[in-house]
Amino acid sequence: MTVRERLRQNISAAFYRHGLLCASYPVPIILFTSASILTCCYPLLKLPLPGTGPVEFTTGVRDYSVPSHGTQGDLGERPDWYRGPPVAYIQQVLVKAAVSPWDSSLVPVDVFRSPLGRVFSLLEEIRDHVYTDRSLESLCLQVTDLLPGLRRMQSLLPEHGCLLVSPGNYWQNRRDMFDSDPDILKTVHQHEPKGLHTSATLKDLLFGVPGKSTGVSLYSKKRVVTYTITIALSSYDARFVASLRARLKQLHPSTNCSLREDHMVHVHFKEEIGIAELIPLVTTYIILFAYIYFSTRKIDMVKSKWGLALAAVVTVLSSLLMSVGLCSLFGLTPTLNGGEIFPYLVVVIGLENVLVLTKSVVSTPVDLEVKLRIAQGLSSESWSIMKNMATELVIILIGYFTLVPAIQEFCLFAVVGLVSDFFLQMFFFTTVLSIDIRRMELADLNRRLPAEAGMPPPKPGPLRPREAPPPSRPSPHTITLQAPAFRNLRLPKRLRVVYFLARTRLAQRIIMVGTVIWIGILVYTDPAGLRTYLAAQVSEQSPLGEAGLPPHLGVAPVFPGGDPTSTLNVLPAPEPTPLPENQSQGHGEARSGPAPLTSPQITWGSEDEEVWRRLSFRYWPSLFSYYNITLAKRYISILPVIPVTLHLSPQEAIETRHPQDTQHAPRTSAKTTELQADLTLYKVAALGLFAGVLLVLLLFCLYRVLCPRNYGQNGVQHGRRRRGDLPCDEYGYSPPVSEISPLLLRGHSMDIECLANDGMLLASCCLAGQIRVWDAQTGDCLTVIPNNGLRRSSSSGCWEHRDGWDPSSPARNASTPIMDNEHPLRRRTTPVRPALFGDQPDLTPLIDTNFGEVPPSQMMPGCGFDFGELVERAYKEHEASPPLPFPPSPPAARQRRRSLGDQSVAPPEQVLLAPWDWDSSVWSMELRGNLIAAGRSSGKLELWDAVEGSLRCCNEDGSSGITALAFLNNRIVAARLNGSLDFFTVDIHKPLGLLQYRGPPGRASLPPSPCYSSEDVISCQLTRSVQCAHQKPITVLRAAAGRVVTGSQDHTVRVYRLEDSCCLFTLQGHAGGITAIYIDQTMVLASGGQDGAICLWDVLTGSRVSHVYGHRGDVTSLVCTTSCVLSSGLDDLICIWDRSTGIKLYSIQQEVGCGASLGVISESLLVTGGQGCVSFWDLNYGDLLQTVYLGQSGEGQPVRQLLVLDNAAIVCDFGSELSLVYVPSVLEKLD
Amino acid sequence: PGESTLFSIGNGVALRGPYISMITNHTTNLLIRGGMLFVVGVFLALVLNLLQVQRNVTLFPPDVISSVFSSAWWVPPCCGTASALIGLLYPCIDRHLGEPHKLKREWSSVMRCVAVFVGINHASAKVDFANNVQLSLTLAALSVGLWWTFDRSRSGFGMGVAVALLATLATQLLVYNGVFQYTSPDFLYIRSWLPCIFFAGVITMGNIGRQLALYECKFVQEKIHQD
């Protein structure tokens, strides 16, 4: 035993014990894991919450000093980022200006024109302010070029000088340009972006207050104009700032202002994620979610899929959290952008292990105890789990040695994450799984009972707690358990699309989501909306109330460098009054100071302390980004605002008027600009309403066109329909009525037990022991082989077809066995008879004379029909053919005659001539050519002539009941109840005298078929008997391609060679008795067992190709096509598997009790039985093509067996009747 | 007669539903797959190109939307076409070599592969390496790891290497002719990690193509069989 194997064994033993532990004490273990998760996540509380919003920190102005770079002296309240100098110190001068007293002679434009005009003089003061030897020029933040993309803003923003922003920038800080500007509002608004915007607009930028509160509007109620002059300082000189403040306050005193001015706010900006950076991030997250979706979709066969999927995701997520927590506990602070690496971490850690565990556990035998199942499942996957984990660790280790900091950090996190993930899988997930499995078993017990009623109880598998791991599966990833396919009807494609939309309510959802997003954007971008409100909230909550700036003490400093720096512009505050027209000519003179009733009041409140808070939080970043200065991960310090109050006299306002103000402003511009500014929202709303109405109308039309009137009335349940209903879906669409009509074959008195066919003929045997042979083409009953005691009148359905069919024939006609005129075998043999027996008068009454159906050429010889029993009797009498390998037993001879009489002469009653084991029932039956092989419960093997209904030979070598038969070429294999397997050879001895008559020239071309003409003497010899083929009864027997395959209750499958009865392989791998086997000419071998497992084998080597678990309970039948494997189980589920990969493609839920009936007509057509109907499915896509109802009555008769004939007719066992269903398209194409 | 029956059934089914007949038609099938691969390729090209462009942009331009399409117009279609070709070629080669790809053929694995591919691109664009050799070696190791984790077929490896070499050559030529350029070329005219990215991309697209073909291959096989 190599080290590897020992290791493997140890690992799996350890896992086994661990599984037992987990399943035994689920609650304590879950509590323990939760506790450890919480403990490991505890350090996370210390980490800052992620977010991109700016963070603030307030210090006093008086004792302010630039924070040092390095040491982190006082840990107290100082945030980490508060180190080193800020990018800039922001000094804002908040100007409130009004014309007062207001008087009726003023026009609306006067509200803002002269107040804005004062900005230029203010600017001049600021620019020229000098304190000792310092001027603003030396302190301010010097900016260079604007970004290349911002050429259009070049005239509006300062370049190559101090960063000083004010509304004056609209007019290049030149008073003369302002004075000559005929329409101030137009100038201001022409730079506003169209449509929605999230970042700060130019107007916000220059005015420094939210657009609504500037008062630059014709309809402003308050008639107060507000704007700021923003100065960015590169270094902080307290004395200079104080002197500027004092100077401005002195010049423009604010009487009632009590703004605090002792605090400065430091604002730190996170690295901002733009849309461009967001897209890759979003993409990775989309991929991540797709991955999680596709992974969790594979969880199947558990009680609660959702619960387990949730547990899997929780496992992965909490392992990530644990890894972050652990890392930060040991001093590794995460510097990576968590959001970015998170998807990759999840992908690295993966959900695979969890899924593999689930699959492995649910694959264990259902009948085991829960903890044993868990333990077995764990131990069987232990090796692959450990191997995968080791591989991943090695890969990560390699990554660690790249010595790139970012990758090293990633690897570190990944390692800790992997280990904690492993821990959680082992403890948390396994325990959850055990709880789930336990719940499922309880629920399953109730569910399975009805389905299994009437069927033999599945033999309980032996409890085998194994210490050693079960044989490992080829790959842990082979099975995909997908959702069952849609059972769609064939619909036109456009209807499908519409139905899809309707079913998923996609349109409604999209509209809803779109509306919500739209409203959200509107609310967010509306300057008076949520954003401002939030900003106000934030500012109230922030612990540092900002010092408002006291009124200006005007000390006019020198302001150097006039290039882009601002000069003050006064935008006239618009008048909301409707007066303008009347008063436009009036020259009301108002002195500054106290205002009349309508005159504006300038008030200062706490909301003015921090005007910038009411702006977008992107205000500062976007202002600086214009000059290619990033604020990401840096901070700015905002100094207390300097309030400036300007009272202008009406006289002044009138003097500064532009000539056009009086003409245009009142009427035209008032209307248009106002509408432009404020009605945009209403326009959008109207547009939205219109679009909505249009959409509703469109949908209504669509609905009327596409949906029938009876929408919703016929409550047809999905899936199979009640009889009489056409197949139609919930939308009322029904496909065209099909022309498929089943042909009923009646005659059996009891339920049909066995069915056999060879393409042309069809043999059926009912519980009463009666065997009937039917023509598979026409559905005519050819022969009846009754069971003696239960014989019945045969004047049943099969005769009806032929009534009046041969009026010219004698009265005997009605009672003659129906001769199938199309049967080639019959035709071939007909000419032979007369030569020999034509002279025997006693035969004539028995001769069938259906001449009308016989081609003339074949009628020539005379009495054209042969009767096998007569022939044989003739042989006996004349001793024409000595070599009878077995003496035809007298009872057999009698039976022949009797059976003949039964079917032809005296239908109702026939005297039983001799005792025969009629009470033994037929257990198995096979049909080849015209020979029926029937295995009886008494162990007798009988060969009947299918056409004549005569017993051709009989073999009584065995005494144990024949449970299964296979008839291939000239060999018959019989499996017996005691587990032995008998090989028989069927020999044909042609009577010597007959040979010369056989084979007219045309006949030779007939394909050699395993048919036996009635004149041949047939013997059946036991060539070999394998006594102990299996330890337990053989349940299935199949033969093809020269191989005989048997499956038994003893869990094994054996493969024999047909020629020499040699056992080639014993295939082991099932954990329950074998219930289904499939083998075909291409040597595909599949087996299914009571454990619900399906194995595919390689017949040439005896190796197992794949092994999947698909059913709860027995696998009842198996069919393979070139590409798929179809299986059905006791759970009434039909599963379609990909043959090469073992992946489940889809499954079809059958009705109760119909699970076993399925057949494949071609590579792409599947037929299944249902409650009184058969359904055709498209095999490739699992779509229901058509449902055909059998018979007019018999609602509840399930189709229990289903046989596919060569000519694509389907025979179903339908209670005591048989149904022949032709697939019309096939017939059409064949024609 | 059996064979003809099968065939006629196949046709019978094909006549029934437009969807089926569309899928079962080999050409249409190819077109659909090619279209899907093309879309995926274009999308990935846009996103990954954005990653590369972003690397030099750390400030906040006001009109970021425009930078989404910052690359030249011909880049996404080229990538899309190439990925469609590769994605169609992979299953084709598999079929001709007669060794169908068996490793983890499921969508979750494909998604994982795509995620790793994006991660490799991410690393190439965002992680600061000490020098270019280290970066290229790391990415090469990652790419081969990608192949080993999700592909493991010799044909896949060979195809990946071949396409990577060809694409590198093409890029060299393009840069040589001045169609575009790299900011800091270290391997003739291009970055030395480019072949690794190409290789990983080929593996990824091949994986997607194979997974797509998985749905159709059954029918195609059947058709071939019948023909």
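Proteins come first, then strands; the chains are lettered A, B, ... in the order of their sequence lines, and each starts at number 1.
- Interatomic distance, CD1 of A:Ile286 versus CZ of B:Phe43, reported as 5.5 Å (0.5 Å rounding).
- B:Thr138 OG1 to A:Ile398 CD1: the interatomic distance, rounded to the nearest 0.5 Å, is 11.0 Å.
- Side chains of A:Tyr291 and B:Val114 form no contact here, defined as non-hydrogen atoms less than 4.5 Å apart.
- Here the straight-line distance linking atom OG1 of A:Thr284 with atom CG of B:Asn121 works out to 12.0 Å at 0.5 Å rounding.
- Taking CZ of B:Arg112 as the reference point, atom OG of A:Ser295 lies at 8.0 Å (rounded to 0.5 Å).
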